[in-house]
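None of these values were measured; they are calculated from a predicted model. Counting convention: from 1, in listed order, for ligands and their atoms alike.
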Amino acid sequence: MDIINILPDSVANQIAAGEVVDRPAGAVKELLENAMDAGATQIDLVLKDAGRTLIQVTDNGCGMSDSDARLCFERHATSKIQRADDLFAIHTMGFRGEALASIAAIAQVELRTRQTGADIGTQVVIEGAQIVSQEPAACPTGTTMTVKNLFFNVPARRSFLKKDTVELSHIEETFRRITLIHHDIGFSLTHNGKKLYDLTAGSMLQRICGLFGQPMKERLYAVEEETDIVKIRGFASRPEYSRKTRGEQYLFVNGRFIKHPALSSAVEKAYTDLLPEHCYPSYFIGLQVDPSRIDVNIHPSKTEVKFVDDHALFAILRSAVKRAIGQFSLATELSFDTPEEFNIGPAPAGYVPPEPKISYNTGYNPFRATGSQTHMRMESPEWPKREERTEQPWLTVEADETEETTPTPTTPAVQTSACMQLQGRYIATPLSSGLALIDQQRAHERILYDKFMGSQQAAIGSQTLLFPVQCRFSAADAELFNELIPDLKGYGFVIDAMGGCTFVVSATPAGVNESAIQELFDQMLTDHKGASMQKHVSRSQCLCASLARQMAIKPGQQLTQEEMQQLVAELFACPLAEMSPSGKRTITIVKPEELLH
Ligand code: ADP
Ligand code: MG
């Protein structure tokens, strides 16, 4: 009995579609690439419901003839290669002739196209791989491909689609990967009637700024190199603008985005010793190599590539980036050295700081030693010897949940004694019990943390930004960030989700550095992910600690007398003044008798 059947084309196409178009972003990629292959100089992408309901790509390229407009939906229909040899000299994005066949198998597609020089265009309607109609149509030169109801006949696929925000962020990433390197083509992206990007043709730097915001301009160095085997053009971030997440790392080969761990590490190696720990450079680098030196035997929708000259490429790329960051920056600019640590050390593991025994009355000036009567007494908790201390995981201060809403006492209007700043880092001030040495950063962290925890928005203040700042995250981070927005609002942020991975920040708590908002959130997300492993740390504790740590004044910041006095007064108003939120000591008191030994 014969049991072998030849699959009907419609089934074969549906199977192929699963590979090429596994989600809306896959269809977007294919349609944008076809438009570029057609020589378009302007390409407009319109989406509805993250591509689920509608993906429309309009180009001003060469267009198609009447019969090509039907033929293009056949499997293996391609105008781009004719012979197997052509495979070794591919200059176009597509060549397998299966994208449109795949898309037409799983969606309702309408094609309107007019060839350059033709009087009239044509319109083809095709549904589940069946041509429904073809008729003449008046349309401009070029092509509009309209893809409706993706996966309408493949319910299993449809149900695999993620939330719109996730699908849209995949599309946005696809859009970035294509538009970054094809900066000589104008692109736009409109989603649910809102124009998210309008990118005019221009330089690569202009394109980077169009996608990631104007501040990028100051944050990048040009990377350029030309040798016999490769031509390199692109940009890499100045070391001080490295990010906490590996977000904006783009490598292209011959106009195509690629993932290539060895080449990526070549770029990162160029930054050796220049970046703080867990920081990554951003880069946008295009390589041009002879197409015959690339292994084309790879799936076009995948992003892996093999090079014949792997090792040489690695070395050339690393030295090009190294030169870029070395050539234009002064060694002093690159110094991330922090001054010697103040020898307080972390609290021991599991150490729960006792409530410091501080009592004060707001009418009394605790900083002026008056006679023998001590209204304010600070007793340091028993502190184990340094050798006994072990590293304390980030934030283990356990606070009673019910205390979260109890506002910390408002700052008493105390007049502190004169303060002195040491090494741009510590504040020395006399107390009745001795000389207090206060770590300015840890102290400020404590003050901010208490204000955030008490959600004392009024105490922190909110600043409206003159120019709202755009922030972008990876798809996963964007989802997480979305969940945190309600909390962040409570701290004085005003944030609007723009769809996909983009958010617009129009206000922040007072004191946030406007140009570092992205970094602030990146770090906050990293902290949040880390802290979610620790059961006893609540979400708000983590967020507040992260914000406080990042917003706190840093070592090296010179403070005026007034600022120091205010800081000291506010610190002593905190119930847990002795300890920073991360469990580090804020104050050391040197007693007069100790000085005599
Ligand atoms: P491939 O791009 O691999 O050739 P596709 O299925 O994506 O295969 O497209 C099939 C053919 O349809 C292309 O080779 C091209 O000739 C034609 N085509 C597709 N999109 C366009 C477009 N936007 N403008 C002009 N021709 C197009
Ligand atoms: Mg194609």
I'd like to know whether the aromatic ring centres of Phe473 and Phe481 sit less than 6.0 Å apart in this structure.
yes
Of all the non-hydrogen atoms in the protein, which one sits nearest to atom 14 (O) of ligand 1, and at what distance?
Ser79 N, 2.9 Å
Could you tell me the residue and atom name of the protein heavy atom closest to atom 17 (C) of ligand 1, and the distance to it rounded to 0.1 Å?
Met64 SD, 3.8 Å
Look at atom 4 (O) of ligand 1 and say which protein heavy atom is nearest, naming residue and atom and giving the distance to 0.1 Å.
Thr78 OG1, 2.6 Å
Taking distance alone, with N or O pairs closer than 3.5 Å, would you say Asn34 contacts ligand 1?
yes
Restricting to pairs with a member in residues 45-67, which pass salt bridge (Lys or Arg N to Asp or Glu O under 4.0 Å), not counting sequence neighbours?
Arg52-Asp164
Asp59 to ligand 1: N or O pair under 3.5 Å?
yes
Using a cut-off of 2.8 Å, how many protein N, O or S atoms sit around the Mg ion (ligand 2)?
1
Glu248 and Arg177 ion-paired at < 4.0 Å:
no
Strictly below 4.0 Å, N to O, side chains only: are Arg23 and Glu167 in salt-bridge contact?
yes
Check: Gln115/Ser65 side-chain N/O donor and acceptor closer than 3.5 Å
no
protein heavy-atom neighbour closest to atom 25 (C) of ligand 1 works out as Ala38 CB, 3.6 Å
With ring centroids as reference points, do Phe493 and Phe521 lie under 6.0 angstrom apart?
yes
For atom 8 (O) of ligand 1, closest protein heavy-atom neighbour:
Gly97 CA, 3.1 Å
Where is the nearest protein heavy atom to atom 2 (O) of ligand 1: which residue, which atom, and how far?
Lys80 NZ, 2.6 Å
Any Glu30 heavy atom less than 4.0 Å from ligand 1
no
Shortest protein heavy-atom distance from atom 11 (C) of ligand 1, along with the residue and atom involved
Ala77 O, 3.8 Å
Establish, from distance only, whether the side-chain atoms of Asp198 and Ser188 form a donor-acceptor pair under 3.5 Å.
no
Between Met145 and ligand 1, is there a nitrogen or oxygen pair with a distance under 3.5 Å?
no
To the nearest 0.1 Å, how far is atom 6 (O) of ligand 1 from its closest protein heavy atom, and which atom is that?
Leu100 N, 2.9 Å
Return the set of residues passing ring-ring contact (aromatic ring centres under 6.0 Å, His included) with His260 (not counting sequence neighbours), or none when no residue passes.
Phe307
Between Val253 and Ile294, is any pair of side-chain heavy atoms under 4.5 Å apart?
yes
For residues Glu172 and Tyr197, is any side-chain donor paired with an opposing acceptor at under 3.5 Å?
yes
Min side-chain heavy-atom separation Ile185-Met36 under 4.5 Å:
yes
For residues 124-133, pull every pair meeting side-chain hydrogen bond (donor to acceptor under 3.5 Å, both in side chains), keeping only residues two or more places apart or in separate chains.
none
Residue of the set Asn149, Thr146, Asn153 for which side-chain hydrogen bond (donor to acceptor under 3.5 Å, both in side chains) holds with Gln108:
Asn149
Under 4.0 Å from one or more heavy atoms of Ala99, ligand 1 contributes atoms 6 (O), 7 (O)
Report the part of Thr143 (side chain from C-beta onward, or backbone N, CA, C, O) that has a heavy atom under 4.0 Å from ligand 1; answer both or neither where that applies.
side chain
